[in-house]
K.L.:
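A single structure is presented below for examination.
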There are 2 protein chains.
Amino acid sequence: MSRASEQAYQQIRTHILSGAVGPGEQLTEDRLAQIAGVSRTPVREAVRRLEDELLLVRSESKRLFVADWSRDDIEEMFALRQMLECHAAERAANRLTKGKLASLEAVNRTLRDAIEQPSPDVRRFLEANRAFHEAIIDAAESPRLGQMLAKLVEAPVVLRTARNYTAEDLRQSARDHDELIAAFAARDPEWARAVMGSHLRRAFHSFTNAAGPGGE
Amino acid sequence: MSRASEQAYQQIRTHILSGAVGPGEQLTEDRLAQIAGVSRTPVREAVRRLEDELLLVRSESKRLFVADWSRDDIEEMFALRQMLECHAAERAANRLTKGKLASLEAVNRTLRDAIEQPSPDVRRFLEANRAFHEAIIDAAESPRLGQMLAKLVEAPVVLRTARNYTAEDLRQSARDHDELIAAFAARDPEWARAVMGSHLRRAFHSFTNAAGPGGE
DNA sequence: CGGGTGATATTTGTATACAATAATCACGCC
DNA sequence: GGCGTGATTATTGTATACAAATATCACCCG
């Protein structure tokens, strides 16, 4: 994406995720243009992307609002992500080269570094985690699958930036990744699928436990 | 979508699918604006949609080209569609109301009407077929699933408008739909999933047999 | 004659002005 | 006082002019 358009996208996204505007609030293109410091034209491009990612929604009369995800919405997204990413893991198991496998291992070492400390570096963990999953999706060599997953993976992860992970959550993730790597090394698609399934399902519950009961 | 933008989308889409421009050919926004009879602004909106549907692609320098789908691309899309639509069938089996089931039956009667004639009305068949699958996806009550499938279902179906269906292809489709309806009536998600799976897989082979060997 | 380098043309990206549309509000009527 | 109805305002949609980026081509140098 081009400069202004990309900037608008990033700024607006950050603005929403920071919580500066609450779910359900209206946002006008003019206002977003001010926030992003560009004209309405690139804002409109950015808005289309954000609509596609379901961070913004339109009323039936085309007015813009910050999306308000219900519990059902979130459950749905996790279910879809699980279905698609299990498929990706299966495909990846048949395609990962030695080199890519090695870099997957490297990424997981980084992830461990980030959490095996007195106070875990959640930011680095999230980044490494993102890279890990991205590498698998990439190895699945299915551009459309990747495109679909991109939307599903990004959204909930970033939604709660200040989310509380327990130390155990983080360690279990690292262990899951290890087992995924083992499944890949063994070139066992079924194994990879199964591990990915439980990995994501656990993530779902840990997500709802932390964010759910309080109040969406 | 608004008037000009929607018109641009339809016109450009038709123009591409009609084959007036071949795969790989460049298209400028100006040219598309002429074709659609609107200015470049709504054309850009339309182009974004068509890019998302993968009918248009951009060179690394942002120039526009008609997409050129490889056999792998098509296979990939069918595989994804199968995965997602099987899931939809499963969910639909648990959710379809009596009323919706009845209208599904009605749609399939229309479909039969269209093909049980000396010369089958392929246009009506395609429309009824589309409605049938859409109703199921709708009944799955998963907006994101619907959004994803919309892209996958539309594209290949329309790609070959002049496609040759054998009379047997058409009849088998109707029979598959009957069995799907039976599975829904029995509220048997596994059955529905299985039927949908074979239905789509058959469609894939009939598609590649008809369109594959020749060219493309 | 081949390859690079700069001028020119093509194409996409952005800003802005204006048009169309939908919501809001005030007013009058019942 | 409640409710329709029209004027006003807010917001999105479109066209157009211009800026930035990229490709194309001609020319010169080796």
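Just so we're clear, the structure is a prediction, and the values are computed from it rather than from any experiment. Note that these values count all heavy atoms, side chains included, but never hydrogens, waters or copies made by symmetry. Letters A, B, ... are given to chains in the order of the sequence lines, protein chains preceding strands, and every chain is numbered from 1.
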K.L.:
Mind calculating the distance between CD (B:Glu25) and P (C:dT11) to the nearest angstrom?
P.N.:
13 Å
K.L.:
Are A:Arg40 and A:Asp30 ion-paired here, with the side-chain N under 4.0 Å from a carboxylate O?
P.N.:
no
K.L.:
Within the 4.5 Å heavy-atom criterion, are A:Asp73 and A:Phe78 side-chain neighbours or not?
P.N.:
no
K.L.:
Please evaluate residues B:Thr166 and B:Asp169 with respect to the criterion side-chain hydrogen bond (donor to acceptor under 3.5 Å, both in side chains), reporting the C-alpha separation (whole Å), side-chain torsions for both, the decisive distance (0.1 Å), and the verdict.
P.N.:
CA-CA 5 Å; B:Thr166 69; B:Asp169 283 344; 3.3 Å; yes
K.L.:
Rounded to whole angstroms, how far apart are CG on B:Leu32 and C1' on C:dT11?
P.N.:
12 Å
K.L.:
Name the residue closer to the 5' end of DNA chain C, choosing between A:Arg40 and A:Ser2 according to the nucleotide with the nearest heavy atom.
P.N.:
A:Ser2
K.L.:
What range of DNA chain D does chain A touch, first nucleotide to last, counting atoms under 4.0 Å from its heavy atoms?
P.N.:
D:dT11 to D:dT14
K.L.:
Could you state the atom-to-atom distance from CD of B:Glu45 to C1' of C:dG13 in whole Å?
P.N.:
14 Å
K.L.:
Between A:Phe65 and A:Gly24, which heavy-atom pair has the shortest distance, and what is it?
P.N.:
CD2-O, 3.4 Å
K.L.:
Search all heavy atoms of B:Leu54 against all heavy atoms of B:Ala67 and return the closest pair with its distance.
P.N.:
O-CB, 3.2 Å
K.L.:
Between B:Phe184 and B:Ala89, which heavy-atom pair has the shortest distance, and what is it?
P.N.:
CE2-O, 3.4 Å
K.L.:
B:Arg3 near the nucleic acid: base, sugar-phosphate alone, or nothing, with a heavy-atom cut-off under 4.0 Å?
P.N.:
sugar-phosphate
K.L.:
Which atoms of nucleotides 23-26 of chain C (N or O only) lie under 3.5 Å from a protein N or O atom, and what are those distances?
P.N.:
from	atom 1	to	atom 2	distance (Å)
C:dA23	OP1	A:Ser61	OG	2.6

K.L.:
For nucleotides 4-9 of chain C, which of its nitrogen or oxygen atoms have a protein nitrogen or oxygen under 3.5 Å away, and what is each distance?
P.N.:
none

K.L.:
Look at all strands and tell whether A:Thr41 reaches a base, only sugar-phosphate, or nothing, counting heavy atoms closer than 4.0 Å.
P.N.:
base
K.L.:
Are the side chain of B:Glu76 and the backbone of A:Arg144 linked by a donor-acceptor contact shorter than 3.5 Å?
P.N.:
yes
K.L.:
Strictly below 4.0 Å, N to O, side chains only: are A:Glu53 and A:Arg48 in salt-bridge contact?
P.N.:
no
K.L.:
Identify, between B:Gln26 and B:Val38, the residue whose nearest nucleotide on DNA chain D lies closer to the 5' end.
P.N.:
B:Val38
K.L.:
Looking only at heavy atoms, what is the nearest atom pair of B:Thr110 and B:Arg124, with distance?
P.N.:
O-NH2, 3.8 Å
K.L.:
For B:Arg3, is the CZ atom crowded, meaning more than 12 foreign heavy atoms sit under 6.0 Å from it?
P.N.:
no
K.L.:
Do the charged groups of A:Arg58 and A:Glu51 touch, with an N to O distance under 4.0 Å?
P.N.:
yes
